[in-house]
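Just so it is clear, the model here is predicted, and its values are computed rather than measured. Keep in mind that the numbers below use all heavy atoms, side chains included, and drop hydrogens, waters and symmetry copies. To find a chain, count down the sequence lines: A is the first, B the second, and so on, and within it residues start at 1.
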There are 2 protein chains.
Amino acid sequence: MSKAIIDDVAARAGVSIKTVSRVVNREPNVRQPTRERVEAAIAELNYRPRLSARGLAGNRSFMLGLIYGKPGAHYVLDIQEGVLEMCRPHGYELVIHPGEFRDGDLANEISDLILDRRIDGVLLSPPISDHMEAIALLKDAGIPLVRIAPTIDKAAHPFVETNDLDASFDLAEVLIGLGHRRIGFITGHPDHRAVGLRFEGYRKALRANGIPFQGELVVVGDNRFHAGEEGARQLLQLASPPTAIFAANDEMAGGVIKTALVHGLRIPEQLSVVGFDDAPISRQVWPSISTIQQPIRDMAKTATSILLEQLRSGEAEQHPSMHPARLVLRESIAPPPSGKA
Amino acid sequence: MSKAIIDDVAARAGVSIKTVSRVVNREPNVRQPTRERVEAAIAELNYRPRLSARGLAGNRSFMLGLIYGKPGAHYVLDIQEGVLEMCRPHGYELVIHPGEFRDGDLANEISDLILDRRIDGVLLSPPISDHMEAIALLKDAGIPLVRIAPTIDKAAHPFVETNDLDASFDLAEVLIGLGHRRIGFITGHPDHRAVGLRFEGYRKALRANGIPFQGELVVVGDNRFHAGEEGARQLLQLASPPTAIFAANDEMAGGVIKTALVHGLRIPEQLSVVGFDDAPISRQVWPSISTIQQPIRDMAKTATSILLEQLRSGEAEQHPSMHPARLVLRESIAPPPSGKA
DNA sequence: GTGAAAGCGCTAACAG
DNA sequence: CTGTTAGCGCTTTCAC
């Protein structure tokens, strides 16, 4: 078994190998009864087309590439699983490639990936989805690509996205609705642009509620836990410290909580904290963090299906697809201390 | 460029394509000057052998499979990166396959993987590395495999491992050395056998120090944060609660810490907590958790190189390789409350 | 040591 | 709608 090749199937079904090929590739121009006969033969023989033979003859590799940065382990795994779920059933294999945004070698690594593996198409996940150099490279090589949650030059290629800005706006409004006026913000890593939109949402919410923006309440972070710790330290040292802190992701929000606890602050009574991502850490600290859940896995699936469609049709259809995020309110928020409100 | 094929190289070097093939495959029987000439031509033309052509002719796929469970996101990513780091330079691609230990379909999925992709070799990471059904399947199919941190039937196949038991013994002895006598233990998921060894280390340490084993101090967990919360709740409700809790992994240790905080206990003054894995969470909770760091990435690299060696030589060499773990002592431990010691 | 010929299993043009 | 004929680019025999 499993040694069956296309000739065996053709013989058993009483057709030519070309017809078998047509059935396997879902091409039209095969009469229904013929198709069924071939399919039966395939099933009986447990025939699986040899990928390398198909690749050699058709000049395709049946491999998709996923190039990703490291915005957090769970984010990466979610993306991977979403992509796998979509590409396996379609006969595509996935080649994963971790890449550093600032790594000068990324360009070389990508060339190697394309040249060596002859990837059929590429998925770019944040923050690499904003790495225009990489994108240009792929474009020049004529490799179809789909970007996940890009923030710049969005017209250039198909993409999927979520509404970071609006969700962030909503979350900030929740804090404002509770009575907070001095809300600190810890930004994400500057390279990670999608996270930058979260800052925009915060500012927009301030504006919408007539709260003046205060530069001293903003600290630049880098998406990591430690940046949250440091940022909180800075913010809490202000002459007039914030009554709430909005961290651009949950890792940093976790850092804020740790610092607050170390300083002996009670959360949420003395300080409200919110994050973004609905990462495991948001449920694991105490009190648990109010945050925003994104349909990461779904975005990855959609991105993959867009890429597969593009590979089939040959043309890049621009149907940007929006996967809305939603608020997850938990224990970490409360009205500001009465004296401050 | 990049369109160069073997004939181009042969022409430029003034040899036959067979000789080029020999050089590319590092075969013997090529005179040094000839080899150099060919290598020069390859470099000048930026020639890359087409994988599908090699695969078709040589009946290999140049793909390795990695089948893994979900013992934690960071664990998985570390393994992936270790494997990638090793196989890319050797011209192998990696096919990742997340699998559930209890999933009845795992067998089918693996068959598909083998049949469809014609994987050359497979790496099994915990807890799948103890999934004997999967292993039997691969063996029957004649697919070389290497297991990462297996605990049962270790003679059957090559493997890499770490000293879970000894490290766990050492950590338990640290607690005992501080004066603890009632030490709670929260076990890992029963399917995840490697984690089971950690329990053995704990028992061995008790024995070595003449402390009687008490069943009531042991709670069965499942490696997840929530199990740590629950387990701690149970242990702290005992008539005579433990003065220290050893969780079989850091996720659960994090849960223990959260429960302790919720109960108003101060750590480590009133309760010492230790975990295992040196996962990010061990640094992110407060106080940070004493734990054990394992060279996961290195294990993955070694496993991969063993597999590659096996593919080259054709025979499975049994040189089980041990990667020692090491203690990481942090804030979460102290002598027991004086009344209890 | 090196080369010539013969496929590997499939798809791409064409014919019919 | 179906079949025939050539390759795809490489590795294998097996000569030399």
Point to revise | Which residue lies more 5' along DNA chain C, comparing B:R37 with B:G58 via nearest heavy atoms | key: B:R37
Practice item. Count the heavy atoms belonging to other residues, nucleotides or ligands that lie under 6.0 Å from CD of A:E133, then report whether that count exceeds 12. Key: no
Exercise for review: Quick one: label A:V24 by what it contacts on the DNA or RNA (base, sugar-phosphate, nothing), any heavy atom closer than 4.0 Å.
Suggested key: nothing
Practice item. Find the distance B:E27:CD to C:dG1:C1' and express it as a whole number of Å. Key: 12 Å
Review point. Within a reach of under 6.0 Å around CG of B:N108, are more than 12 heavy atoms found that belong to other residues, nucleotides or ligands?
Key: yes
Point to revise | Ionic contact status for A:R88 with B:E109, cut-off 4.0 Å | key: no
Practice item. Answer with base, sugar-phosphate or nothing: what part of the nucleic acid does B:I5 contact at a heavy-atom distance below 4.0 Å? Key: sugar-phosphate
Practice item. Confirm from the modelled atom types if B:R22 and C:dG3 form a donor-acceptor pair under 3.5 Å, side chain to base only. Key: yes
**Study point:** B:H90 NE2 to B:L311 CG distance, which is reported to the nearest 0.5 Å
**Key:** 11.5 Å
Check your understanding: What is the distance, rounded to the nearest whole Å, between atom CZ of B:R35 and atom C1' of C:dT2?
Key -> 13 Å
Practice item. Whole angstrom is fine here: how far is it from CZ in B:R54 over to P in C:dC10? Key: 21 Å
Study note, to complete from the structure: The answer to which of B:N25 and A:A57 contacts DNA chain D further toward the 5' end, by nearest nucleotide, is A:A57
Check your understanding: When we call it a touch if two heavy atoms are under 4.0 Å apart, what does A:N29 touch: a base, just sugar-phosphate, or nothing?
Key -> base
Check your understanding: Over how many whole Å does the gap from B:D7 atom CG to D:dC10 atom P extend?
Key -> 7 Å
Review point. Nearest to the side chain of A:L56 - C:dT11, C:dG9, C:dG3?
Key: C:dG9
Check your understanding: Rounded to whole angstroms, how far apart are CG on B:D120 and P on D:dT11?
Key -> 14 Å
Check your understanding: Starting at CZ of B:R50 and ending at C1' of C:dC10, how long is that distance when rounded to a whole Å?
Key -> 17 Å
Exercise for review: Assign the ring pair B:F62 / B:Y92 to parallel, tilted or perpendicular, where the plane angle (0 to 90°) is split at 30° and 60°.
Suggested key: tilted
Point to revise | Short side-chain N/O contact to C:dC10 OP1/OP2 from A:S21, under 4.0 Å | key: no
Practice item. Check whether any side-chain N or O of B:R31 sits under 4.0 Å from OP1 or OP2 of C:dT2, and answer yes or no. Key: yes
**Study point:** Atom-pair distance (CZ on A:R26; C1' on D:dC1), nearest Å
**Key:** 19 Å
Check your understanding: In terms of the nearest nucleotide of DNA chain C, which residue is placed more toward the 5' end: A:G55 or B:V15?
Key -> B:V15
Exercise for review: Using a 4.0 Å heavy-atom cut-off across all strands, classify A:T34 as base, sugar-phosphate, or nothing.
Suggested key: sugar-phosphate
Practice item. Return no unless some side-chain N or O of B:T19 is found under 4.0 Å from OP1 or OP2 of C:dT2. Key: no
Practice item. Assess whether atom CD of A:E27 is packed by more than 12 heavy atoms of other residues, nucleotides or ligands within 6.0 Å. Key: yes
Practice item. Report the distance from atom CD1 of A:I17 to atom C1' of D:dT5, rounded to the nearest whole Å. Key: 10 Å
Check your understanding: Hey, does the side-chain of B:K18 have a donor or acceptor N/O within less than 3.5 Å of a partner on the base of C:dA4?
Key -> no
